[in-house]
Number of protein chains: 2
Amino acid sequence: METRELRYFVAVAEELHFGRAAQRLGIAQPPLSRAIQQLERRLGAALLARGSRGVTLTEAGSVLLREGQAALDAIDAAERRTRRAALAPTGRPGVVLVTKAGATGELLAKLLDAYAAEPGAVAVDVMLCGIGEQERLLRDGRADVALLHRPFDSTAGFDTEELHAEGQVVVLPAGHPLTGRAHVRMSDVAALPGLPMPRWPNLDGTFPDGAGPPVHNHTQLLQLIALGRASAILPESVRAEPRDGLVTVPVADAPTVTTVIAWPPHSRSRAVAALVQAATRL
Amino acid sequence: METRELRYFVAVAEELHFGRAAQRLGIAQPPLSRAIQQLERRLGAALLARGSRGVTLTEAGSVLLREGQAALDAIDAAERRTRRAALAPTGRPGVVLVTKAGATGELLAKLLDAYAAEPGAVAVDVMLCGIGEQERLLRDGRADVALLHRPFDSTAGFDTEELHAEGQVVVLPAGHPLTGRAHVRMSDVAALPGLPMPRWPNLDGTFPDGAGPPVHNHTQLLQLIALGRASAILPESVRAEPRDGLVTVPVADAPTVTTVIAWPPHSRSRAVAALVQAATRL
DNA sequence: AGCGGCGATACCTCCCCGGTATCGGACCAG
DNA sequence: CTGGTCCGATACCGGGGAGGTATCGCCGCT
């Protein structure tokens, strides 16, 4: 199976429409139709059911969509990492580390310092990205190693090492009645009147339904809370950056947030290994 | 990057010889040389250093070899799993479960029974394979789920669920001086005079250096021990099949062997999920 | 110098990929 | 029922690229 065929199939399977898929791929529709037919013939499997009401996936088609996306990510990763390895002038390519913007400030700084102090350390590019993007970046080779936060991020398919565990706190506007309590429970803060939990965007940029205000990043969120328009449950490390107008109260029974360092399991990069080792020694 | 180019490169990188690689690929040497050059041009990276003393990998080449092998496995997996999904007459494809021959008899039987009793259970093909092959079968799609034994098998890159933990015993010929001891330590059995540990074949069929007799499977090993030619440290479940001429003694400080069920992290197969659930309920 | 091993180059052929034009069936409006 | 529209399939053509054979160029060895 050729990469080209796989890309074509995935495009059609995602669009469920030959014309739009062809447009997205930058080719005409007839060669796309032919390529898919040929793929189906070679696999001996019907992948798409062409009905009068458009195209649907068969059982085999769903399997190929899922597995094919993973395979295409692996190929992209191979290409990207090779390119990066090649353009390193020293012969020792740098490492791309990705983490959520604003989430891991202090830990990240300590990690970078500790690693930089090691003999043979190479350049570390730090990439900050939105929520849920890290896994994709690690999978398709745009990053080599990531700081993830369980249970929010899925670590499926990566090797990981735990770095730090912390409880969660509820962040409230100053003066809220719950202020001053030593701790609260999830049930106390699940639905505070007038202070809904914010909604974060999905990966495709849309927002889930709900009452809370849509937010894109930490700063927006904290500002909304200070204005008395929202509340949020966040890892207790938010206390490291105190802010006027905000109060935090520990939530006793909120799930523990674990910061882990994650990397692709087949990675044999010396730099990634050294970075992980430095991280575990923190 | 096309699958064909990647396969060509991996062949050359493994053989470190254009002529042999071409032979293995079933093509002539010149088109292979050209394909590799073209790949290097497109990636903008020197992958191979052509010296007068043959071919060696550059830094970028090693990266592409490793990442490329993973990507090719992912593509093979996509193809195999799609084929299997298609040829299922019911529209509900069967599952291929792989485990080491002879290692997990009773647990496997219970698992298959428990799963078969569930509503909506599909056919489970059981594949038995040699040591260390399971990971590859799971990775390239010839199997969908595996029973692995930590710490012998690596579970890197798979989702896992622990099923069973057990200690290890040393297996000795009947009448050996250590027989009758309630337990022994690793240092007691590390090098028993006249009873060397056996050597298992590597993945390529060669044997590591050492004193012990080469063995290919459990039966051979137990027979050699009964003959007084070897000893071995094995999970305590070997006691489930008692055998004349053999005695087992627990090894107090041997690493615990954990049986886990493992599957590819992106699997969304209902059947695999149900199988895992049945396994955790055992 | 001669030879052998090995990768690169030159040149040819044919297949396959992509393009345009067109067809054929399903659904819809009237 | 008929014309129109939407959409995937088919027909046909041209060019690029994949693979083959023959040969070269370089290096190391005897």
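Labels below follow one simple rule: chain letters A, B, ... track the order of the sequence lines, proteins then strands, and each chain is numbered from 1.
Rounded to whole angstrom, the span from the CG atom of A/Leu39 across to the P atom of C/dC17 amounts to 11 Å. When the P atom of C/dG7 is taken as reference, atom CD of B/Glu15 falls 11 Å away, rounded to whole Å. Per the geometry, CD belonging to B/Glu2 stands 14 Å off C1' belonging to D/dG16, to the nearest Å. Rounded to a whole Å, the CD atom of A/Gln23 is 17 Å from the C1' atom of C/dG18. Between B/Ile36 atom CD1 and C/dC6 atom P there is a gap of 17 Å when expressed in whole angstrom units. Rounded to an integer number of Å, the gap from A/Leu32 CG to C/dC16 P is 18 Å. Rounded to a whole Å, the CZ atom of A/Arg20 is 13 Å from the P atom of D/dC6.
A/Arg83 pairs with exactly one of B/Leu43, B/Leu64, B/Val63 by the side chain to side chain contact (heavy atoms under 4.5 Å, CB included) rule, that one being B/Leu43. Remark: of the listed residues B/Leu148, B/Asp125, B/Leu137, B/Leu137 is the sole one forming a side chain to side chain contact (heavy atoms under 4.5 Å, CB included) with B/Val98.
For A/Arg50, the side-chain atoms get nearest to D/dA9 when compared with the rest of D/dA9, D/dT21, C/dG7. Which of D/dA9, C/dG7, D/dT21 sits closest to the side chain of B/Pro30 comes down to D/dT21. Each of C/dA8, D/dA9, D/dG19 was ranked by its minimum atom distance to the side chain of A/Ser33; first place goes to D/dA9. Checking D/dA9, D/dG20, C/dG7 against the side-chain heavy atoms of A/Gln29 singles out D/dA9 as nearest.
Taking only distance into account, the side chain of A/Gln37 never meets the base of D/dA9 through a donor-acceptor pair shorter than 3.5 Å.
Counting any heavy atom pair closer than 4.0 Å across all strands shown, A/Gln38 reaches sugar-phosphate atoms only and no base atom. Within the nucleic acid shown, B/Arg34 comes within 4.0 Å of at least one base atom, counting heavy atoms only.
A close approach under 4.0 Å does occur between a side-chain nitrogen or oxygen of A/Arg4 and OP1 or OP2 of C/dG18.
A tilted orientation is assigned to the rings of A/His218 and A/Trp200, their planes being inclined by 30° to 60°.
The closest side-chain heavy-atom distance from B/His216 to B/Phe207 is below 4.5 Å.
Summarising the local packing, CZ of B/Arg199 is surrounded by more than 12 heavy atoms from other residues, nucleotides or ligands at distances under 6.0 Å.
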